[in-house]
Amino acid sequence: QLQLVESGGGLVQPGGSLRLSCAASGFTLGAYAIGWFRQAPGKEREGVSCINNSGSSTYYADSVKGRFTISRDNAKNTVYLQMNSLKPEDTAVYYCAADTGMGWPKKYSYEYYYWGQGTQVTVSS
């Protein structure tokens, strides 16, 4: 119960696109804010984007603003991260996370309780 399962990672050329999915089970996703994070080797985990429970509010890190889009389909208990114009520096393991806590934006790891397993994104020519 209360699991997040990620998919959609892979290898893509610079300038290409990927769409990550985070499917929730065991709980109603509409009650949770969802965040996307990434971590490259030797780097701290970085907040990428987050979305509130209804999808009416979103946040993007400056490094991805204008290139990434977060969305959710609460009927399917799924959150998406559309990644366009990918750069080599986007290479990382990407994680989704969920929490019912107050506060906005929720852009730090400590603000989330439930986490997915992570999916590798590699941007290279």
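Under the 3.5 Å distance criterion, the side-chain polar atoms of N77 are matched with a main-chain donor or acceptor of F27. Here the side chain of R45 pairs no donor or acceptor atom with the backbone of A40 at under 3.5 angstrom. Side-chain N or O atoms of S63 include none that pairs as donor or acceptor with a backbone N or O of A61 at under 3.5 Å. Although no hydrogens or angles enter the test, the distance criterion places a donor-acceptor pair under 3.5 Å between the side chain of T91 and the main chain of V123.
Heavy-atom neighbours of E44 CD from other residues, nucleotides or ligands within 6.0 Å: at or below the threshold of 12.
Atom OG1 of T122 is separated from atom CG of D90 by 11.0 Å, given to the nearest 0.5 angstrom. Here the CD1 atom belonging to I51 is positioned 9.0 Å from the CD1 atom belonging to I34, to the nearest 0.5 angstrom. To the nearest 0.5 Å, atom SG of residue C96 and atom CD of residue Q117 are 7.5 Å apart. Distance check: Q120 CD to E6 CD gives 11.5 Å after rounding to the nearest 0.5 Å.
Ring to ring, F37 and W115 are close: their centroids are under 6.0 angstrom apart.
Annotation: cation-pi pair K106/Y59 absent, no NZ/CZ under 6.0 Å from the ring centroid and within 45° of its normal.
For the residue pair S54/S56, the side-chain donor-acceptor check at 3.5 Å is satisfied. N84 and S17 share a side-chain donor-acceptor pair at under 3.5 Å.
Below 30°, between 30° and 60°, or above 60°: for Y32 and Y114 the angle between ring planes is above 60°, a perpendicular geometry.
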